[in-house]
Amino acid sequence: MPAERPEPHPELRQYEIRVDGRMYRTMTAAFPELDSFAMVEQTVLFGQVIDEAQLYGLLTRCQSLGLHVVEMRRLPE
């Protein structure tokens, strides 16, 4: 069963993390708090981030899975 996403909160920030290569369901399942879509040579993970600790946790998870982060950015509100 998919994890429930928290309700939108005005203090949360939207982030986008782009990684090299196509991540399939088994890999995107490691990021239940984020949505994703695959492009030709990249996968984009995006969603709300509560604070810097969560953001660094996401980047650490990418690193531990051997993913190469191409870009990480905060999306406009």
Going through the distances and angles, do Val44 and Met39 end up as a side-chain contact (heavy atoms from CB on, under 4.5 Å)?
CA-CA 8 Å; Val44 179; Met39 297 172 48; 3.7 Å; yes
Working to the nearest 0.5 angstrom, can you tell me the gap between Phe46 CZ and Ile17 CD1?
12.0 Å
Flag, side chain of Arg61 to backbone of Ala30, donor-acceptor distance under 3.5 Å:
yes
Pick one: which of Val49, Leu45, Leu58 meets side-chain contact (heavy atoms from CB on, under 4.5 Å) with Glu33?
Leu58
Please tell me whether Met23 and Val70 are part of a single hydrophobic cluster in this structure, the criterion being side-chain heavy atoms less than 4.5 Å apart.
no
Does any N or O in the side chain of Thr43 come within less than 3.5 Å of the main-chain N or O of Arg18, such that one atom is a donor and the other an acceptor?
no
My understanding is that only residues two or more places apart in sequence, or in another chain, count here; which of them pass side chain to side chain donor-acceptor pair (under 3.5 Å) with Gln14?
none
Rounded to the nearest 0.5 Å, the CD atom of Gln42 sits from the CG atom of Asp20 at a distance of 6.0 Å
Could you list the residues that satisfy salt bridge (charged side-chain N to carboxylate O under 4.0 Å, His left out) with Arg74, not counting sequence neighbours?
Glu77
The reported gap from CG in Leu12 to CG in Asp51 (rounded to nearest 0.5 angstrom) is 9.0 Å
Quick check: do Met72 and Leu59 have side-chain heavy atoms less than 4.5 Å from each other?
yes
Given the rule that I, L, V, M, F, W and Y join up when any side-chain heavy atoms are under 4.5 Å apart, are Met27 and Val19 in one cluster?
yes
Got a second to check how far Leu65's CG is from Thr60's OG1, nearest 0.5 Å?
11.0 Å
Should we count CD of Glu71 as having more than 12 external heavy atoms under 6.0 Å?
yes
side-chain contact (heavy atoms from CB on, under 4.5 Å) assessment of Leu55 paired with Tyr15:
CA-CA 9 Å; Leu55 181 61; Tyr15 278 86; 3.8 Å; yes
